[in-house]
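A quick write-up on the structure given underneath.
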Protein chains: 2
Amino acid sequence: MDRFGPNAANSCPVTPLGFLERTATVYGDCPSLVYNRTVFTWSQTHRRCLRLASALSSLGISPGDVVPLQPPPVSILGSVSLKSDPFVSVLAPNVPAMYEMHFGVPMSGAVLNTVNLRLDARTISILLRHSASKLVFVDVLSRPLLDDVLRLFPASAERPRVVTIEDPYEDAPPLQSSALTYEKLLETGDPEFRWVRPRSEWDPMVLNYTSGTTSAPKGVVHCHRGLFFITIDSLIDWSVPRRPTYLWTLPMFHANGWSYPWGIAAAGGVNVCLRRFDAAAVYAAIETHRVTHMCGAPVVLNMLANAPDSARRPLHGPVQVLTAGAPPPAAVLHRTEALGFSVSHGYGLTETAGLAVSCAWKGQWDRLPASERARLKARQGVRCLAMAAVDVIDGATGESVKRDGNTMGEIVLRGACVMLGYLKDPEATAKAVRADGWFYTGDVGVMHADGYVEIKDRSKDVIISGGENLSSVEVESILYGHPAVNEAAVVARPDDFWGETPCAFLSLKDEASAAPPAESEVIAWCRERMPHYMVPKTVVFRPELPKTSTGKIQKYVLREIAKKMGSAARPSHM
Amino acid sequence: MDRFGPNAANSCPVTPLGFLERTATVYGDCPSLVYNRTVFTWSQTHRRCLRLASALSSLGISPGDVVPLQPPPVSILGSVSLKSDPFVSVLAPNVPAMYEMHFGVPMSGAVLNTVNLRLDARTISILLRHSASKLVFVDVLSRPLLDDVLRLFPASAERPRVVTIEDPYEDAPPLQSSALTYEKLLETGDPEFRWVRPRSEWDPMVLNYTSGTTSAPKGVVHCHRGLFFITIDSLIDWSVPRRPTYLWTLPMFHANGWSYPWGIAAAGGVNVCLRRFDAAAVYAAIETHRVTHMCGAPVVLNMLANAPDSARRPLHGPVQVLTAGAPPPAAVLHRTEALGFSVSHGYGLTETAGLAVSCAWKGQWDRLPASERARLKARQGVRCLAMAAVDVIDGATGESVKRDGNTMGEIVLRGACVMLGYLKDPEATAKAVRADGWFYTGDVGVMHADGYVEIKDRSKDVIISGGENLSSVEVESILYGHPAVNEAAVVARPDDFWGETPCAFLSLKDEASAAPPAESEVIAWCRERMPHYMVPKTVVFRPELPKTSTGKIQKYVLREIAKKMGSAARPSHM
């Protein structure tokens, strides 16, 4: 009888790299990327990426052996040893070369490792040695940082080759004429290069270190298959139409910009690149390029919503904004949507390569009052199409928690875009990807009756006060409603009596700084709006809260500060 | 070192069946399906499909063994024996049950086999015995046909169980009260049934017999993985937005309606079902339900374009029409688009489960004259995102043909949605899926300089006249420009001198029937518009051309007629 399975014609590994070639065929003459006065077409981008792949291959960085176009069916099964996989690291902001590397590096057979630009030299040197990167591309303005990084290498350690990405729009100290630059490297490459296709769709393609709000950074490895699925899923889930104009407000070094470098290629869109941005730059870019889509953490929404009138420009039409990383506070949502931004909210982790869950919006919700809409939109939502399942489970029993919107548990995921694992860290991999078939996110949440998931906190951010589990996010979202509050973060402060108490760190809006509220006023305000045990016992005002490069507030910094405060005075009454 | 590959959390088989559950969560209260005065919501459709799966499982039709939700990673590798796979066949038009079976049957672990309703009893009996179907669902109006089918079973052959799908909107002879009906079956099912997930994404899910314009019907088997990819690809490629209203003008029994039963579920849209249709019914459905999307062969476009004024209604807005199966003739395109339909053109085969290639439209083409636009739109185009490659190759050398839009070769495809193979036909499978990694389509085409593929003919439809290969499709598309022509088909007529000559079969528009053109007039008209060797030497007028159920003209019937004509008189001049 028939024994069907992978065959010669259907077992070709899926990979997002193939989108580029197709888009160059269909949209060859259309703009692919805009950066200051530089404009590339898709045909040019395609050829530049092939040049890059070819040049890397010639440098001996990557195997470069041309794998036959049709692998034997068995290849789809493959697991692969990373021992010999060459890593190429990049230290750059959202400039054209950074975009091209998302195709050109893996098209050479190497694995792309984008490094968070705002890490300190010591951490970066640890990462580069951990991945044993053979080559580092570095933005010209980050040369001094990389020099520091390399100085921290032990004398015995092999140093990666360095290629500098110059920038005609930036003043930078001149390079030695012998220095290898990105454009010189490209010139050596063949634009007709036959790119190195993965032998298996499980072959690793990218390595991303988690941002390190926690302890040691972990190297998340994703394969071609996982990235193909998350890219396609992200296009469908956000309803990205053909030829969007996408503004790069999310750093590509952060989880590969939630996979949109490949997604915008698939859709044949325009990538508007920005090296750095503030509200004025974003509004100007939206106006100039007629931006239709952009991504960013809620802090980006906040920046747009609270921009001074001088920076703001009217929108040409609705601009789709996809936010994730933290639930968007209601007040921020109101203000942003009132300005004409159409906000979608999703949820993902570096370990899922992009947004695996999203708050799929129901038409009937449009008729609800604004506060109710905001409450619903702050929920993380339901799995995207290519994910198999999302659930909230009880840590002790492994069972699903009640669908009551109240019972907390750990959010777990299963599906095609879950990572292969952490590089050289089988212990951490085994802790995250368990034999029960779930990926454990480390996020604490609830399951609502309607099947939508809502995060209550990172496990480590949960505050346990008097035995009650208390969601710092919930307290924060209420604090955002205070008219003077710009940003809020709530962490645990040790307490001899309660174990922990909530401690709020706040930055204030510019207009509030003339007459800032007192700590007691904020506490009184909270008492009217939340259960007693959730009310912050301490309020600390700061001009600005410490943030990661992607705009996430660094709670571990605040937690350290709160810890040093020690226990508050024992309350005289309960 | 790390050995990464499929793990417990990322190796969950992909399947389009999972879309239903997600959509029932997000769009539970929204309409899923409309049929006459029947309206279901997604929550109802979800529960009805689970009931169906549960009932089939209880009947002992399918294994029904509840596979653990998380299969061991190794399962993704599996090839599977079809020996024990239970087939469930359906003989029904586009009624609600037909839609539900696309989920409910495979959710029971069985393989869905939709049978072309317009085949004769003898052929259907061959198919049912070939698949050894255990159960047949039959539309109440097709009971007499099925009775004929079963009478043709040899006495020794095991007969499938029969379940009748009743229809409250149709007059039909009453059933015996003991007869098992679809609704009765559903009542026995559990709406909370834990559906049978595939053990491997390569597990077979559907079986479709090719429409039989050629010799023996072949049973195309597709797996969950292939159907997942084609469904997602078809949504992206056609830019289907959230919540489309989709009119079922394409029979679901034809290649599973190009995978849109699963696609419309993924998008949370409305399925408007029609048992039978003509131009008036389609225009009325578009108006009543505010249809946004529909599919059909060019014959459907032709029907809409040539509808009498009494049948036509103004469109509420642009209606997206996806056409495939034959290149849409320019004249038909003009008329349809002038009426407000927005036509996209794609290409696929039963063996690709849907459209694997599409004529991706470039914005700049909008500025071209109508005739040029039509010429470009008639091309089949470029691969969809999930396909790895499409090419046109020389049959003799296996090399790509020149990209000159002229050199003919066979169109070949490679990618995730290529079938597993033909059921119980390893020879035909090996002929179509070759070791060189290509699926051979049997279609003859050219590759244009811009990378777009254009079909010139089915291999068997190519006419070889005086040694020249001549595309019957090309001659037809010119004939469609003749003001009196409604439909045109050109086939080979045997010729003692030329080998073959083109013979045109034409049906005329109603308004032309009063003063039909003479054969010689049509030939003279052609001479002004095409090379001499392409001009039909014979023109036959018919009130209607013979068609398959999907509106494809049955050229093999015409070819038989032309063959019987024998050689034309030897021309006195060349």
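Here the structure is a predicted model, which is why all the values come from computation and not from measurement. Numbered from 1 within each chain, the chains take letters A, B, ... in sequence-line order.
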Using non-hydrogen atoms and a 4.5 Å limit, figure out which bit of [X] sits close to chain A: side chain, backbone, both or neither.
{"X": "Tyr422(B)", "value": "backbone"}
{"X": "Ala267(B)", "value": "neither"}
{"X": "Arg243(B)", "value": "neither"}
{"X": "Cys384(B)", "value": "backbone"}

On a heavy-atom basis, which atom in [X] and which in [Y] lie closest, and how many Å separate them?
{"X": "Ala9(B)", "Y": "Phe439(A)", "result": "CB-N, 3.7 Å"}
{"X": "Ile236(A)", "Y": "Ile236(B)", "result": "CG1-CG1, 3.6 Å"}
{"X": "Leu385(A)", "Y": "Phe228(B)", "result": "O-CE1, 4.1 Å"}
{"X": "Cys12(A)", "Y": "Arg225(B)", "result": "O-NH2, 4.3 Å"}
{"X": "Leu420(A)", "Y": "Gly5(B)", "result": "CD2-O, 3.5 Å"}

- [ ] Below 4.5 Å from any heavy atom of chain B, which atoms of Met387(A) appear? Answer side chain, backbone, both or neither.
- [x] neither
- [ ] Find the one option among Ala416(B), Cys30(B), Ala388(B) whose heavy-atom pairs under 4.5 Å with chain A are most numerous.
- [x] Ala416(B)
Task: Ionic contact status for Asp237(A) with Arg22(B), cut-off 4.0 Å - done: yes
Task: Whether over 12 other heavy atoms sit under 6.0 Å from Gln364(A) CD - done: yes
